[in-house]
Structure formats: C-alpha cells, structure tokens
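By convention in this document, chain letters (A, B, ...) are assigned in the order of the sequence lines, proteins followed by strands, and residues within each chain are numbered from 1. All figures in this text were calculated on a predicted structure; none of them were measured in a lab.
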Amino acid sequence: MRSRRFFVIGLLAALLIAGVGSYYASSHPDGLEFVAGETGFLDSADEPKTGDSPFADYQTSGVEDERLSGGLAGVVGVALVLVLAGGLAYAVRRRGSPDSSESTD
Amino acid sequence: MHVPDGFLDAPTSVVTGVVAAGGVAVALRKARGELDDRTAPMAGLVAAFIFAGQMINFPVGAGTSGHLLGGALAAVLVGPWTGALCLSVVLLVQALFMADGGVTALGTNITLMGLVGCFAGYAVFRLVAAVLPRRTSSVAPAAAVGALVSVPVAAAVFTLLFAIGGTAPVDTGAVLTAMLGWHTVIGVGEAVVTGLVVASVVAARPDLVHGARHLVETRELEIRKAATT
C-alpha cells in the first residue's frame with residue numbers, strides 16, 4: 001500500500017471513530033471512576049480546572065445537538081493531537097533516511 | 001484511567017510530575033533513534049488514533065466501562081520512546097481542552113498511561129515475541145498480550161500511588177483488588193483492539209511497524225534475483 005493511501009485511510013479511521021463512533025460509546029464510569037465510587041474516594045476528586053474549555057467533557061459548547069457537539073469535539077481533538085504529535089516527531093527525527101540521499105520536507 | 005485533580009495529594013503529584021517530565025525529556029532524545037522521515041508521520045497518526053480510540057468506552061459489566069489506553073499499541077507501532085511521547089501529547093490535549101484528567105494530575109497520568117503503559121506493554125511484547133516464531137504474523141498476538149498485561153500493571157501502579165498519597169482514607173487492599181479485577185477485564189478489550197489494529201497495519205505496511213521492522217528487513221535480505229525461466 002502506498003504511504004499516502006495508508007495515512008489517508010488511517011486518518012479517516014481516527015476521524016470516523018472520534019467524530020461519529022464516539023456517540024455510541026458507553027456512558028458508564030470507567031474502571032478507575034467506578035472503583036473510586038465503590039471503595040469511597042470518588043468525592044476526593046476536585047472540579048476540573050479546565051471545565052470551562054469549549055470542548056470540556058468532549059462536548060462543544062454552544063452546539064445543541066449532542067451528536068454534532070461530541071463529534072465536533074472529537075474531530076478537533078484528533079486534529080490537535082495529530083498536529084502536535086506529528087510536529088514533535090518531525091522536530092526530533094533524524095534528518096533524511098539512510099537509504100535516500102535527498103531530503104524532502 | 002484518567003486521574004482527576006484531588007485523588008492524590010500535592011507532594012505525590014509533584015513527584016509524578018517530576019517523573020513524567022524526566023521521562024518525557026529522555027524520550028525526546030531516545031525517540032530520535034526511532035524516528036526518521038518515513039516514520040515521523042506515523043507518530044502523528046498513532047497519537048491521533050489513540051485519542052480517538054480513548055473516546056470509545058466499551059461496557060465491561062456492572063455499570064462499568066473501559067477504553068483503550070494505547071500504551072502497548074503505540075510502543076509496538078512507533079517504538080516505546082516515541083509511544084510515550086504520543087501518549088503524553090494525547091493526555092496533554094485531553095487535560096487542557098477536554099477536562100479529561102486533571103491538570104495537576106497530568107504528571108500522574110503521563111506516568112501511568114504514558115511511561116508505565118508503553119514500557120510495561122513493550123517489555124511483555126518483546127518477551128512474547130521472543131518465544132513466538134520469528135515472522136510478521138507473530139507481531140499482533142505478541143502486541144495483544146503486551147496490551148493485556150499493561151492495563152492491570154498501570155492500575156497496580158495507580159494503587160501504589162494512592163497508597164502513598166491518596167487524599168481519602170480508604171483501605172489500599174480494597175482499592176488494589178477492585179482496580180486489578182476491573183482492569184484485567186478492561187485489559188482484554190485493550191488486547192483485542194491492539195491485536196486487531198497491529199494486525200491491520202502489519203498487513204498493510206509492515207515496514208512502518210517498529211515491532212515488525214526487523215522481520216521485514218530480514219525478509220528483504222533473502223530476496224534473490226528474479227527467477228529466470
């Protein structure tokens with residue numbers, strides 16, 4: 001599979017999962033939250049300091065439709081992570097690859 | 001497994017913050033050995049995919065759910081140091097923008113899901129890969145076992161931190177039992193997702209999979225001149 005095709009398919013999968021699939025995710029508490037509730041330390045959690053972020057709790061503030069609101073937050077998150085992690089990886093990588101003399105950037 | 005602010009006291013959070021910062025600093029240098037022009041985009045894609053995967057909570061019974069942590073997955077696909085960086089970026093974005101995982105607990109979460117998740121998962125992956133036949137079809141099952149083990153290990157490390165710096169007076173034994181029990185079940189989900197994703201990538205582009213690259217290179221060395229008929 002060509003690299004471009006591979007990355008396009010991978011990115012589409014991530015966007016579909018975050019943008020569409022996330023709506024169907026279980027809303028039960030996760031393992032840690034459940035255990036915290038069960039054993040009695042859930043109340044020691046503070047209110048999140050970033051709770052007023054426009055994408056807090058994976059919902060987009062100001063967007064009424066729940067499906068759209070969650071999907072939008074997911075897509076924005078995927079894009080942010082892709083740019084930050086991809087940029088970081090480009091910054092620390094070894095320049096050029098051993099078997100190619102030209103460096104395309 | 002995102003730890004919110006408040007579960008752990010300030011001294012413990014400072015220590016995990018220092019551990020996380022140190023780990024990320026070392027990872028920034030070590031990741032250089034894992035990343036080149038060809039694999040750098042893979043790191044971005046893997047981080048983005050893990051962010052997406054972490055949004056999908058799957059039910060594990062009794063009103064509890066789990067989701068992919070992604071440490072073993074990232075470590076096998078892009079290498080453990082790059083994987084730890086990928087998870088750190090995911091956790092940073094989640095804490096700052098999604099209010100998922102506390103800001104003062106960011107060091108704790110990077111330590112648990114980034115460092116412990118990636119390195120426990122990768123260590124078990126390497127152990128299992130060493131006993132399985134040396135071919136690309138062994139990579140996904142080995143990754144799945146690494147994923148399976150990485151989740152309860154991270155849960156155990158959380159319990160250790162809770163025993164040291166938990167703010168609520170709760171019996172550590174009860175927390176450990178519950179954490180290990182649930183996270184072993186969640187680990188099964190982690191193993192299934194990790195195995196399927198690694199198998200797909202190995203099928204499409206084994207040369208881009210850190211944990212399969214040496215097998216691909218070996219195979220390429222064996223290629224002989226095209227048979228002349």
Asks: Backbone N or O of H28(A) within a donor-acceptor pair of the S65(B) side chain at under 3.5 Å?
Replies: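 Side chain of S65(B) to backbone of H28(A), a donor-acceptor pair under 3.5 Å: yes, one is there.
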
Asks: With chain B as the partner, which of P48(A), G86(A), G31(A) has the greatest number of non-hydrogen pairs under 4.5 Å?
Replies: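 Most heavy-atom pairs within the cutoff with chain B belong to G31(A).
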
Asks: Please look at L42(A) and chain B and tell me whether the side chain, the backbone, both or neither of the residue comes under 4.5 angstrom of a heavy atom of that chain.
Replies: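 Looking at L42(A), backbone and side chain both touch chain B.
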
Asks: Relative to chain B, which segment of A91(A) carries a heavy atom at a distance below 4.5 Å: side chain, backbone, both, or neither?
Replies: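 Neither part, no heavy atoms under 4.5 Å.
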
Asks: May I ask you to name which of G101(B), G33(B), A95(B), A52(B) has the most heavy-atom pairs under 4.5 Å with chain A?
Replies: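 That would be A52(B).
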
Asks: Parallel, tilted or perpendicular: which fits the ring planes of F41(A) and F158(B), with parallel below 30° and perpendicular above 60°?
Replies: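 Rings of F41(A) and F158(B): parallel, as their planes differ by under 30°.
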
Asks: Between L88(A) and chain B, with a heavy-atom cut-off of 4.5 Å, which part of the residue counts as in contact: side chain, backbone, both or neither?
Replies: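 Contact with chain B: side chain only.
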
Asks: Rounded at 0.5 Å granularity, tell me how far OH in Y90(A) sits from CG in D37(B).
Replies: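 Atom-to-atom, Y90(A):OH and D37(B):CG are 6.5 Å apart.
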
Asks: To the nearest 0.5 Å, what is the distance between CG on D100(B) and CG on D57(A)?
Replies: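 Interatomic distance, D100(B) CG to D57(A) CG, rounded to 0.5 Å: 8.0 Å.
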
Asks: Please look at S3(A) and chain B and tell me whether the side chain, the backbone, both or neither of the residue comes under 4.5 angstrom of a heavy atom of that chain.
Replies: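 Contact with chain B involves both backbone and side-chain atoms of S3(A).
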
Asks: Can you spot which of L92(B), L91(B), V90(B) makes a side chain to side chain contact (heavy atoms under 4.5 Å, CB included) with V81(A)?
Replies: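 Of the listed residues L92(B), L91(B), V90(B), the side chain to side chain contact (heavy atoms under 4.5 Å, CB included) partner of V81(A) is V90(B).
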
Asks: Mind telling me whether W182(B) and F34(A) have parallel, tilted or perpendicular rings, with 30° and 60° as the class edges?
Replies: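 Aromatic pair F34(A)/W182(B) classed perpendicular.
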
Asks: Verify side-chain contact (heavy atoms from CB on, under 4.5 Å) between F6(A) and L45(B), making sure each step is shown before the conclusion.
Replies: CA-CA 10 Å; F6(A) 173 81; L45(B) 180 60; 4.1 Å; yes

Asks: Salt-bridged, R93(A) to D36(B), with N to O below 4.0 Å?
Replies: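 Looking at D36(B) together with R93(A), the answer is no, because their closest N to O distance does not fall below 4.0 Å.
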
Asks: Quick one: of A79(A), G77(A), G10(A), who has the most non-hydrogen atom pairs under 4.5 Å with chain B?
Replies: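 Looking at each of A79(A), G77(A), G10(A) in turn, G77(A) comes out on top.
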
